[in-house]
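Have a look at the structure below before the remarks.
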Number of protein chains: 2
Amino acid sequence: MAQEYHNNCSLCGRNSEVFKYMDKDELKKIDSHRVSIRYKPGEIIFKQGTPCYNFICITQGLVKLYIEHQRNRNLIIGLMRPVNYIYEPGFFVDKHHHFTALAAEETTACLIDINVMKELFFSNQAFSYDFIQRISRQALGLFDRISSCTHKHVFGKVADTLLYLHPKIYPENPFYLSLCRQDLADLSGITKESVIRVLKKFQEEGIISINGDQIEIFDRERLEVISDKG
Amino acid sequence: MAQEYHNNCSLCGRNSEVFKYMDKDELKKIDSHRVSIRYKPGEIIFKQGTPCYNFICITQGLVKLYIEHQRNRNLIIGLMRPVNYIYEPGFFVDKHHHFTALAAEETTACLIDINVMKELFFSNQAFSYDFIQRISRQALGLFDRISSCTHKHVFGKVADTLLYLHPKIYPENPFYLSLCRQDLADLSGITKESVIRVLKKFQEEGIISINGDQIEIFDRERLEVISDKG
DNA sequence: CTTTTTTATTGATATATATCAATCAAAATT
DNA sequence: AATTTTGATTGATATATATCAATAAAAAAG
């Protein structure tokens, strides 16, 4: 493949943000306990319930994180773009995965031995504090999510989903949506039929436009209002 | 008041779990940047939107943490018993509170200067790692909460609330409920009328009994089944 | 190119739960 | 003790959204 790609963490341009508090030796250590894996769309990176052995850093593609439910209703708790590591709280509690990670697009990820990372939490305070900041940001996102699914109606929920998708997940506008309607439903916590009806309504009102898999957001402020008032 | 109560963190029997990774000097430092405050039921400890200056450790009582919403619908994201500190992710992100903390019973809390705590995150790795473990446990709780409010029906939601209240918040069974029906509703993400109807149903089926403010759980397993199947 | 399968869309109906209103009980105030 | 206020309970109704079913469009397979 044509992607630039290093066998060495120190040279990997993709780690910038995530490992900025590491020195040369630390990166070397990580490097020696790391494998880079390529996943095809639809492939599972790790599955809910299994033990966690690796700290996973997405270097390319798009990953879907979802909680698996009985009666095949899933709940997407987040999407991940490079460069970012997947924070799995389960590692710090019972060393098991509490959600499933699946490649939504062609994805590459680095798997790092989790014990090496654990050592770093003890030896590198700056990294450790940065980590706390990152998971705190995620926690605030979960608060919003809980508010959204408890008090909002379908319009507010889908508005939240659209606001989340752009620019965080799809930086361009219009963007090519690599998720299906069921994914949008699992992300919004409603049914796919409701997603379709809401998107249609938004389109009729000139808030967005949809052409095949292309979505363009015309009126972000309107979406924010809809999100706020539920 | 008749409570035993020290002017000194090192002697305070209530800090055991939370500050177990601190040495004498560290506790002394905390001690000198600490005030102990007593709150009456209904008093606000800190309010959503305000800046955070203090790390708060509950030493007595019961605290309600809730997200304030428009059209006076609140959402209780958790209850706190001693001895525990309130993890406010906002501190690590924008240094503002993202929820309100209110004394639900007569409560005492220690307020510690947040910069002193921040120093400790850098100097004491064991404390820092313990902190990550604690917030990870909370994050897993939030996952459950999101699952609950997205996919479950009122019976499952109230079952979840009851399972949360006992034994975590009220260790005895039967327990004296210091929360009103609206609180149970805000905790379950439904209306108080629905809470009442569900509790009545549970009582009719012999799962629980209610006498005034006393609730007794007879059939915990039944509640778990109801929680699971939604 | 045709057929099969999957995904998206639309419409009709069912249902869970919120909303509204009234009553009852308990607590607080006078 | 009488009155006011607050919270709990019950019932009737409205409504949002899930469910079900049918069709259309797109993608995959033969």
Side-chain angles (χ1 to χ4, degrees), chain A residues 40-42 64 69-76 104-105 147-161 176-204 208-215 226-227 229-230, chain B residues 40-42 64 69-76 104 147-162 176-204 208-215 226-227 229-230:
Chain A
K40 286 193 276 290
K64 218 163 79 179
H69 264 266
Q70 48 274 55
R71 16 177 195 146
N72 61 340
R73 289 195 127 219
N74 293 330
L75 183 68
I76 298 178
E105 299 174 2
S147 301
S148 173
C149 65
T150 318
H151 291 315
K152 289 182 186 177
H153 290 183
V154 283
F155 295 94
K157 289 177 183 181
V158 174
D160 281 340
T161 296
Y176 169 84
L177 189 72
S178 49
L179 301 168
C180 67
R181 297 299 137 110
Q182 186 60 55
D183 287 331
L184 297 182
D186 292 344
L187 204 45
S188 311
I190 59 177
T191 59
K192 64 178 188 304
E193 291 92 337
S194 292
V195 168
I196 289 163
R197 282 182 251 265
V198 171
L199 289 177
K200 195 185 173 191
K201 194 80 187 296
F202 285 171
Q203 194 168 18
E204 284 166 8
I208 61 168
S209 88
I210 305 175
N211 291 312
D213 292 332
Q214 292 268 349
I215 295 186
I226 292 168
S227 162
K229 61 169 200 179
Chain B
K40 287 194 275 290
K64 219 164 79 180
H69 264 265
Q70 47 274 55
R71 17 177 192 143
N72 61 341
R73 289 194 127 221
N74 293 329
L75 182 69
I76 299 178
S147 300
S148 174
C149 64
T150 318
H151 291 313
K152 290 182 186 178
H153 289 185
V154 284
F155 294 94
K157 289 178 184 180
V158 175
D160 281 339
T161 296
L162 289 170
Y176 168 85
L177 189 72
S178 50
L179 301 169
C180 68
R181 296 300 136 111
Q182 186 60 56
D183 287 332
L184 297 183
D186 293 343
L187 204 44
S188 311
I190 58 177
T191 59
K192 62 177 189 305
E193 291 92 336
S194 292
V195 168
I196 289 162
R197 283 182 249 265
V198 170
L199 289 177
K200 195 184 172 192
K201 193 82 187 297
F202 285 170
Q203 194 168 19
E204 283 167 10
I208 60 168
S209 88
I210 304 174
N211 291 313
D213 292 332
Q214 292 269 351
I215 295 185
I226 291 167
S227 162
K229 64 170 196 176

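Reminder, nothing fancy here: chain letters follow the sequence lines and each chain counts from 1.
The two residues B:Thr161 and B:Leu187 have their closest heavy-atom pair at CG2-CD2, 3.8 Å. Contact record, A:Leu75 with A:Gly189: CD1-CA, 4.5 Å, taken as the closest heavy-atom pair. Across all non-hydrogen atoms, the minimal contact from B:Asn74 to B:His69 is OD1-N, 3.6 Å. Taking every heavy atom of both residues into account, A:Pro41 and A:Ala104 meet most closely at CB-O, 4.0 Å.
Scored by the side chain to side chain contact (heavy atoms under 4.5 Å, CB included) test, B:Ser227 finds B:Lys152, B:Ala159, B:Asp160, B:Leu163 as partners (sequence neighbours excluded). Scored by the salt bridge (Lys or Arg N to Asp or Glu O under 4.0 Å) test, A:Lys157 finds no partners at all (sequence neighbours excluded). Under the salt bridge (Lys or Arg N to Asp or Glu O under 4.0 Å) criterion, A:Asp186 pairs with no residue, sequence neighbours left out. Listed by chain and number, the residues in a side-chain hydrogen bond (donor to acceptor under 3.5 Å, both in side chains) with A:Glu105 are A:Arg81, A:Ser178 (sequence neighbours excluded).
Where B:Leu179 and A:Val154 meet DNA chain D, the nucleotide closest to each residue was compared, and B:Leu179 sits on the side nearer the 5' end.
Residue A:Thr191 has no polar side-chain atom (N or O) positioned under 4.0 Å from OP1 or OP2 of D:dT17. Dashed line: the shortest gap from a side-chain N or O of B:Lys200 to OP1 or OP2 of D:dT10 is under 4.0 Å.
Atom CD in A:Glu204 sits roughly 9 Å away from atom P in C:dT10 (whole-Å rounding). What separates CD1 of A:Ile210 from P of D:dA25 is a distance of 16 Å, to the nearest Å. Between A:His153 atom NE2 and C:dT17 atom P there is a gap of 14 Å when expressed in whole angstrom units. Rounded to a whole Å, the CD1 atom of B:Ile190 is 14 Å from the P atom of D:dA8. Distance A:Lys152 NZ to D:dT17 C1': 18 Å, rounded to the nearest Å.
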Check your understanding: Would B:Ile190 and B:Leu184 count as a side chain to side chain contact (heavy atoms under 4.5 Å, CB included) if you check the C-alpha gap in whole Å, the side-chain angles of each, and the deciding distance to 0.1 Å?
Key -> CA-CA 9 Å; B:Ile190 58 177; B:Leu184 297 183; over 6 Å; no
Point to revise | B:Leu162 and B:Ile208: CA distance, side-chain angles, deciding distance, side chain to side chain contact (heavy atoms under 4.5 Å, CB included) verdict | key: CA-CA 10 Å; B:Leu162 289 170; B:Ile208 60 168; 4.2 Å; yes
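The distance from atom OG of A:Ser188 to atom CZ of A:Arg181, rounded to the nearest 0.5 Å, is 11.5 Å.
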Give every donor-acceptor pair under 3.5 Å between a side-chain atom in residues 193-202 of chain A and any protein atom, sequence neighbours left out.
from     : atom 1 : to       : atom 2 : distance (Å)
A:Ser194 : OG     : A:Thr191 : OG1    : 3.2

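For the segment residues 181-189 of chain A, residues with any heavy atom less than 4.0 angstrom from an atom of DNA chain C are, sorted by number, A:Arg181. In the region residues 192-199 of chain B, proximity to DNA chain C at under 4.0 angstrom, judged on heavy atoms, holds for B:Glu193, B:Ser194, B:Arg197.
No donor-acceptor pair closer than 3.5 Å links the side chain of A:Gln214 to the backbone N or O of A:Leu177.
Taking the C1' atoms of five terminal pairs at each end of the helix from C:dC1-D:dG30 to C:dT30-D:dA1, the two resulting helix axes are inclined by 40°, rounded to 10°.
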Quick one: which protein N/O atoms are closer than 3.5 Å to N/O atoms of nucleotides 22-27 of chain C? Pair and distance per line, please.
none

